[in-house]
Every structure is written in structure tokens, then in C-alpha cells.
Amino acid sequence: MRRFAYFAPERVEDAVALLADHGGRAKVIAGGTDLVVQMKDGARRPEAVVNISRLADLRTFEERSDGLHIGAIVTMGTIEHDPLIRTKYPILADSAKLVGSLQIRNLATIAGNSCNASPGADTPPALIALRATVRMFGPAGSRTVPIEELFVGPGQTSLQPGEIVVEFIIPLPQSGQGSYYLRHTPRKELDIAVVGAGASVWLRGETIVDARIALAAVFPTPLRATSAEEALRGKTISAGVIEAAAEAAAGQARPISDVRSSAEFRHHLVGVLTRRAIEGAIGRARGAGPTVGH
Amino acid sequence: MLKEHIEAVPVTVRLVVNGDLVEVTTLPNRTLLEIVREDLALTGSKEGCGTGDCGACTMIVDDKPVTSCLVLAPSADGKTVRTVEGVAKDGQLHPVQQAIVECGGTQCGFCTPGFVMSAVYLLENNNNPTEHEIRVGISGNLCRCTGYMKIVDAVALAAKRMRGD
Amino acid sequence: MTELQVVGKSLPRLEGPDKVTGRTVYAADIHLPGMLHAKILRSPYAHAKIANIDTSRAKALPGVRAVTTAADLPAGDRDQAIRSHVVLAEGEVFFHGQPVAAVAADRVDIAEAALDLITVEYEPLPAVLDVETAIDPSSPLTRLPLGDVERVEEGGHVTVEVENFDDVGPKRSANVTNRLHFMRGDIKAGFRDADFVVEGRFDAGMVHQAYLEPQVCVADYDPTGRLTVWAPTQGQFFQRSEIARILGLPVSKVRYVSTEVGGGFGAKVAPLVQPLVGVLSMKTKRPVKLVLTRREDLTVAVPAPSAVVWCKFGATKDGRLTTIEARVIFDAGAFPSGPVVGAAMMLPASYTFQNLDIEGLEVITNKVSCGAYRAPGVPEVIFAIEQLVDQICRESGFDQIAFRRDNAVREGDLMPNGRPWPRIGLVECLDALERSELWQTRGSSNGANPRGVGVAIGGWLGGMQPASSLVRLNDNGTFSVIVGSNDISGSNTSFAMIAAEVLGVPLSMVEALTADTDSAPWAGMAAGSKTTYSGGKSVQGAAEDAKRQIVAIAARELDTNPEDIVLEGGVAKVLGTDKAIPFSRIASLSTGFGGRYGPVLGRGGNDVIRNQAPGFTAQAVEVEVDSATGQITVTRVAAAQDVGKAINWMSVMGQLEGGVVQGLGMGLTEEMLYDDQGRLRNPTFLDYRLLTSLDVPNIEGILVEVPSPEGPFGARIVGEPSIIAGSAALANAVHEATGIRMHRVPLTPDRIVEALAARTALSTVVLSHG
């Protein structure tokens, strides 16, 4: 690993000031599970590393009247095992428990999984399906945007120089809502999504009042499959409707070929996994869906 | 590049390793695994991949198993760390260690310290795991020699003994 | 024969406690005073001329102690056809990642930074990246023609007498560096008379041994001109002589200390980084350590070659396999290293073909060259032949096990090279598989997640190489077994068990250790599955020699004839009396002050093994296929292997289980993927996927014991056969579940989905009724 200056501020303001001082040549580290790998193989060579793990405000999570607030440095392991999240926001636990390995999940943070901006990351589609927003803090103060707007391209976010993610806010679940995330990987653990699919549905009886579909690894960013949502909205649940939504999602996907898959196979998987995600979400909305695994 | 190369500033890291308070002064561009192996000469934890994908470097940090090859050394400041060297007590193998020996759960042995740490953590949190729970508990550790079966058997045997069955 | 007291039991490894506590020393754990750290600058091209190298800026970096290129290498006897001899590229690079220059510095990060300061001017050349292009006479050359190639390492893995070699055949490119041809009978007549003919082409991907311990070396060149090397190896004496030759040192000036081997599987036989680390130590006069990163190890170590196998069978309607024609082509990478001999031998070897024509080719390309990987080349050819056997059974209604048994080779049948098979246990393995729980309760099902069971068989000849051993009576009456072979499989524990058995003592009274090349009795490579088979024979001899010496002393002390002495529980007794003398007393009489006898030191190794003891396996795999995603879940595996005699049941079963899972990995997820510039695209354990604990089921392992005539207590080779059958059995199971026939391994989900969509199951498997 090349050399760098290291800082571990105690206050958010100090972290932001340090990042601003180094003007884009500094990297934020929390869990380090992506950044340390990138620094080891030389893909990133920051002149300074700012560790935000000591910012206590970023480590809390709690449900408030406007939703679940999850601090930026809450780990995947915490999310995966938390009883509140597993029962009320199970899609988030679905996605968190798939990241890396058990050991990696004890390091990796929810903000890191988003800010690394890998199109294949698992928690962003879950956050999108939950209509989450993200609050950022920087030299110009605080701002909150829908989570989709954080992602710009592979490895690129809309964070401004000096800005860090502070927390994610997920609206409280409504009755008739169900959400589910799954992915395809060649192995059952220690892997990365070939394609991932997350779905939320809001049901009234057998009618799909609304839906949110989000996909991993089929677009330069996590992809909100609005055409699939459209195909579900207002429809009565049926195999045909679900299939139509799955096909719409596949139509919106623009996967690439890389070492993990051909574009063609990803395209095929989008349909399969979107269908299964919707079925899982409907099952949960009805109160008898898949449980969070492991 | 040369400027940065020469001017990097060392940091002092204080941490508790296997119950001992230790202090290491290091450049920041090293990992917890490296300072434990090189500066503290506790070489039991292994580097199999350096990217968190094999689990041979597993240590229990603040009560959670982590891949120590991904932890920057200065990030470990203030942490409590358990390594494979701290598992046996008073010269007695931990039940997990004893069972791995008895069941043939170690062959080349390079992955073994990581498996020991994952299994110790598992059994400290679940003293009666199912076979599937054992397999999940060691799923972040790769073994190339055994095919996992004898490791799974060993963890089950250790659990049984720890329960006193 | 009296009942065995120690041999055949299931005992924990002697070094187990050190391994579970982290006390075992691997090479990367070694720290010497003044030690420097090395890094290697590697070629970014698969094929290029090196016009110029400028190291001056790197040398000027504070903390850098040496920068070396090929121009600085000491004079040595280096053969450009052998990978380990080309320490640094000399004027031309032949594969991506080939070492071009190396740095030794005070710290790893300084060495890394220095690499950036070395400037190399390359002139790219056309890269030859696949065998079918390479083989054509019009292909560019991977490198200049090499002439006769020394194949010492291959001999360590498999010892084959080849007589019917011929050198005719179509004109081929000089990229073809080895050709082997086995012929028997008349294949034209055989196919003419056959009722069924099936044929197919099968492709096997390049895989990596993926031992958990990356390749590593510490070397220290001392002021007296001696080079000490600490590194894991499967063949320390081979390494010593190679390193001496490469670096121009007398063999006596090289001491090789093999540290614990953190997995080898064939890849830690020949020197890889050792000569280069030696050069850096010679230049700096300081100890130097080099640990490859996993990325480097996956990219530039010595993986297993990809293979193209074409195969055609003829069978009669009464169920006899009569005729086979096959060709196997290995992509050896940039140095001759294809396992042609073993693969061509074992491709048809399980069956009694009257007519055969097998051609094996080794082709060099601009990729990393290969090494051995557990039964080198055999899983690749078994993937082909066992799918065709499966096809004949399915098309003709023959039982998968009975058909194989009816056609299986037995003692006295001829091997492809015309020699008779010694005693083997293939039929017994099939019998055992037939009785397995998996086979007895098998079933298949259709639907969205169809299930199926597949069978495959295969074998490995193994190697032969002399070994010697010492058994020493210690001054407290315990024994030390001292060997020169490197323990990669629990062999030292097995050696201690053999000695304990012979000497009539409990295992707790025997230790076994591998000494370094200065002090150990000579032994061959720990390769070719032969360590316990041949090394164990020498330990048995050494223990018997020590026993004779003990008996002689006891007879003198107890005033009786040696024939009346029996050894039991660490005591020498006079048969039928209560007169006895403990070994501890014999030890003090032969080691203490004023001792009346010379120390007891048994020597073994005169009784050299002269015949192979091949190992066969029969395996069944049960799968469930998610037909939408192509995901295969292996639900059950049964694996029977003839091990002759399991010296240590636990070690042997551990080898079996581990090999089976490696075979499943080859079948399911493992493949090295290259881009069109010859660069490895998946050089991490994230994307080169070893199976995890959640991907494999428990294995129903069955040890079959058909004793070998020469091995200690009937033991035969063990380590390699278990890997052979997994990918073929998987493919056959997938066929039973889905009806598709897989022509390329690994059976990745995308390939399954593609095959399901095309339903081209039989497109290249032609079944005719002649």
C-alpha cells in the first residue's frame, strides 16, 4: 500500500474540513472493505485518508416519526441481525446479509456500500425499493435527496468535495407493504451480485396499489426499474402481471459483459430475479413471504 | 510521489491484544494483520488473499470476527483484539482447537487459525448450532484441503463438549 | 499375520496442536535480522521484446538496496525451455506478468514505490492465445523453437514407460512442443464392427491449485557463500539442485529448509520465486523475503492447463466397449508444461478397449505456463470420456455401474502403453459405489428444479522415486523418524504410525520430522501420490533395521537368542518368560557414558518400490438444477476410492473429501478467464471462486482396500484420484436432471441456461447404429 496521511476526527465538522483541505485527494474510510482493497492494488492512491468511524452520531439508528434513521457507519452485520430491521424492513436485512462474508459484514458500512458506487452493490436497490432518502453534510451544510440521486456512475456519486453521507432515512412501513431482495451469484457466500433485484409492493386486497423495483449490476448505477413499477401499478395480482413487470425490467436494463457475466445472461437473469423479487414482496405483504435467511 | 513517500507521518496505535495493552508506532499504510504479525510477532493469523476473500486473517475485534487484512492499522486504535494465540488458556487447547485436531479438521493448516476464530465466535454466541448454522458460521473462511466436512464435524463436537452433553 | 496395533487406525495428525494454535511456522512468518523485502516488476504484455530497462531512478530511492534485471543474474546453467530457469526475462517476455525486474528494499512499501520508478521499453509482438490457432503451421510463434525439453518434474508426478511413441502425423506449428501417440489393435475395424458410436468434443477451463498460502520465499546468502532458502516445497532436494544450477552455485552451497507447506497440490514442486529471492540476497548480502500477493499468485504461479479433448467410442450391443479414438490438446502456456503423458494414459485407461488410438499434444501459447495439479490432466479427459460412457448407457439402457464394471480393467489387462496393469481395485470401487447410500436411494425428478444423479470413474498411476529414512532410538526410549520428504498430506504422521507398528510401541513414543537438505536422508518429491507408498516403505525398512538392532542388544542383555525376543509396548521380552528389558534401558546402554552398544539407528530405503500401485475411484454426484438461473446445487456425493491400505484412516479420508471438493470446484465455479490481450481477468479469490462451506454437501466417502503388493502394509497411492471424477459425474447428473449435455467445464449457470435454451444436448454426440 502506498503512503498517505491519516486522520481520525471526532466531529463531523472536522471530517468535512479535512476533506475540503485535501480537495478530492482525500478518501473517506469507515469499514475499509472496498477502499483498502483498492489502495492495495493501486487502483486508488489518496494522499490522505479520513476515518469517520469515530463520529458517534453516525453510528446510531432509531425509528422516529418520519421513519427509520440509519447512521452512515452502521455495519451490514448490525443491519442483518437487528430484530427491528428484520421484522419491519426485511428487504434491508435481505440485502445486507448478502454482502461479502460474515467477517466483511462486521466491517462494511451501509454508507460505504452506497458510496463505493458499485453498480453491483446489494443494499442500494433495497434502499431504493424502500423509498429511502440520504442526508449528506458538507462545507455548504446539510442536504437530503432521494437515494437514487446519490448514484452517478460506476465509482461516482453526487457527493460534492468535502461532503459525506450522514444517514439514510427510510419511511415507516405501511400496512399492505412487502419488500424482498435477492440476487444471483455462482457461490452461496463470499460473492458479488451477477444481478440483484429488490421489490416493494403496496397491496390493497389483491390490487397492487404501488410498487418500487430496483436492480443491481445491470446499469452503470443501481437502477430503478420504473417501467416494471408501471406494469404493476393498479393491477390485480396474477402470474401474467408479474411476468409483464419482469419483462419490463429486463427491457430497461442495460447490462454490460464483464468477468462475472455476459450481458446476455444478465439480461436473462433480470427477468427471473425481478419475478422472484415481486413474488417474495407480495408474499411478505400478505404476511407469509420468505423469511430473512441465515 | 517521492515527497509523499518521505514525509508520511507515523501514528501510534494503542490496542488490547489477547488481554495485553500494546502500543505500536507505524506508518498508516499498514493493516491490523501486518502490525499484529510483524510488530507484535503474533504470526498465527495468516494472510491468504489480502482482500477479505479467504478469512485466514480472521480476528475477533471488539467482539466481532473481522478480516484483519482489511483493517487499517490506525483504525484499530482503541480496539480489543483476540487472535488465535489468545484462544488456548493455560496451555489447554480450546474445545474448538481440540476438536479440530481430533476430527482431522486441519490439513495444511494455513486456513486453520481463521477457522478457529470463526468457530470460537460462533460457539460463544450459539452453543447448540445446527449443521447449517455451523456452515454459515464458517462460510467466510476458505479451506482448500479438507472439503469442510471434518471442520463442520469438529465444530459440532466442540459445541457438544462446551454444553457439557 | 497378527492384528495391527497402530496402522489402520484413525489418528489425529501429530502436528495438529501446533496448527490450531498458530504456532506452526510458515515461510511468511519468518523474520530475520536485517531482512529486506522484495517486489517484482512484471510484464504488462503477453508477448513483447524488451528494448531497454532503466532502473537508475529506482536505485536512487532511499531504502532501496538492490534492483536487479536479467543483466545482473549470476552465471548459471539456465535452460530457456524451463520456467524456473528464466528468473527474469532476458530480452523478451512470453506471458503477462512475467518477471522483468526485482527490487529489494527496507520495507515493502518502498519496494512497491520503486517499481514505479523502473522504466521498461517494450516492443509488443503478436500474442498466441489459444491452442487451435497455435497449432496451425501458419500461426505466429509463441517463442523461438526450443529443441529437446527436459521433463524432470513431470517424472515426479507420473512414471510411465512409453515405447510406442511415433513422430508421424500432420505438419504442425513449432508451437507444438510435445506429441504422444498410443495405439493398439485396429480402430478402423473396431468402428466398422461397432453397434454404437458416440463422439464429442469437450473443453476444460484453466484452473488454479489455489492453495491458501501464497508462494513465498526467504533467502539468506551468508558471508561464507552459502545460500539458505526457507520456503514451502513438495520436493526440497529437487529444489536444491535446481537452485544451485540456476544460480551457478555448488549443490553443497545451497541449503533448503522446507517450511510447512500451506497447500501445494502440485504447484510447489519446482522453484518459482526462490531463485530470484536468492539473487537479491546474493546481491545485497542480506536476508530477503518475498511473499506473492494473491493477485500475483493467481496470475503468475503455475496453474493447471486448459484442454481440448475430442473423443470417439465404439461399443457393441451386448455392452462391450471395443474401440476408442481420442485426441487431447493441452495449452501449456509459455513453457512446455502440459501433462500429456498422464492424461493420454488415463483417458482410455479405465476400460478394456481392444482398439485404441490416443494422441496427446502439448502446445505453447503466450499465457502463464503450467504446473501440476492433483492427477494432472486427468479430470479434463475424464470429463470427456465419462460423459460418452454415460451417453451410451442412457441410449442403450445399460446400467451406469454394471456397464462400467463389465468393461473395467483388472489386473493383467493392458495399459495403453502395452504394460499389464498390476493389482488394482476399480471393480471393487464400483461395487462399493453400488452399495452406497446415495446409489441405493437415488432418484430423479423433473419440474422447475429437476434432480439427477451422475456417475464417473477414473484413476491415476502415480509416481515412483527412491526414498530413504532413518529411525533413531532416543536416550529416553522413544523414537524419531527422520525423513527428507515434505509432508503435504499427513505423511509424517503415517510414517510415525508405520514405525510404531513395526517397533511395537504406541504412537506417543514416536515422532516424525522432515529434516532440511543438509541433514535429511534423501527422498524424492512429495508428488505423484507416492510419499506414503514409497517413503513409507523406506520408513518400514528403517524401523525394521532399528528393531533388529534392539533385538540384538536385548538378546545379549537377556542372554538368549534374537529369535526368542519380541517387542511389545516399548519393552523387549523373552518369549514365554517374564524376562524383559525396556527400550529406555536399551537406550541408556547404547547412548549413555560407558555404554556397551552403539546407538540404535535404523536405515531404510534399500527396498526400492519397483512397480506402481495405481489408485482408482468411482463417484456419484446428485444435483438439483434451478432451470431458470442455471444454478446447480450439489445435494449429495458418494466417492469410493481404492487406497490399498489406509495407514491412517483419518488422513486418507481427509484426502478423499478434499480431493472430491476440488473436483466439484473444477466442475462448478473455478476457471481462469483471460482477455484478448492474454491478461487474467479474475486474479482474486472473489472472482476465482473456490467453493465455500455452503456450496458443498457432506460426502459419503468409502475407502476400498485392495492391497498393493509392494506398499507398506498394502498401502497404495492416495492423494490424487479423488479429484478425477467430480466434474464428469456432475455433468452426467445435470444430464439426467435436464437432458442437456455439457461440453464445457466448469458448468457455470450461464452455460447451463444457454444449453437449456438451445436444447442442443446431442448436437455433437452422434449416436449411430452401425
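Please read these numbers as outputs of a predicted model, since none were measured by experiment. In what follows, every chain begins at residue 1, and chains take the letters A, B, ... in the order their sequences are listed.
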Exercise for the section: Report yes if the side chains of A/Leu190 and B/Ser139 come closer than 4.5 Å at any heavy-atom pair, otherwise no. Expected result: no

Practice task
Please examine the side chains of A/Phe4 and B/Val9, heavy atoms only from C-beta on, and report whether any two atoms are closer than 4.5 Å.
Solution key: no

Practice task
Take atom CD of A/Glu62 as the centre, draw a 6.0 Å sphere, and report whether it contains more than 12 heavy atoms from other residues, nucleotides or ligands.
Solution key: yes

Fill in the blank from the handout: Comparing B/Val71, B/Asn141, B/Ile138 against chain A, the one with the most heavy-atom pairs below 4.5 Å turns out to be B/Asn141

Handout entry: Per-residue contact mode, A/Ile29 against chain B (heavy atom under 4.5 angstrom)
Key = side chain

Handout entry: Partner chain A: residue of B/Leu142, B/Val61, B/Asp77, B/Val66 with the largest heavy-atom pair count (under 4.5 Å)
Key = B/Val66

Handout entry: Check: A/Gln103 and B/Leu70 side chains under 4.5 Å, non-hydrogen atoms
Key = no

Practice task
With B/Ser75 as reference, evaluate A/Asn51, A/Val36, A/Val49 under the side-chain contact (heavy atoms from CB on, under 4.5 Å) test and give the passing residue.
Solution key: A/Asn51

Handout entry: Separation of A/Lys40 NZ from B/Asn29 CG (nearest 0.5 Å)
Key = 11.0 Å

Problem - Interface moiety of A/Ser53 toward chain B, non-hydrogen atoms closer than 4.5 Å - result: neither

Problem - Atom group of B/Ser118 that falls short of 4.5 Å from chain A, counting heavy atoms - result: side chain

Exercise for the section: Write down the atom of A/Ser101, the atom of B/Gly52, and the distance for their closest heavy-atom approach. Expected result: OG-O, 4.3 Å

Handout entry: Structural part of B/Thr58 lying under 4.5 Å from a heavy atom of chain A
Key = side chain

Problem - Residue pairs fulfilling salt bridge (Lys or Arg N to Asp or Glu O under 4.0 Å) with at least one residue in residues 50-74 of chain B, sequence neighbours excluded - result: B/Asp62-B/Lys79

Completion exercise
Among B/Thr31, B/Val11, B/Thr51, B/Thr67, the residue with the most heavy-atom pairs under 4.5 Å to chain A is B/Thr67

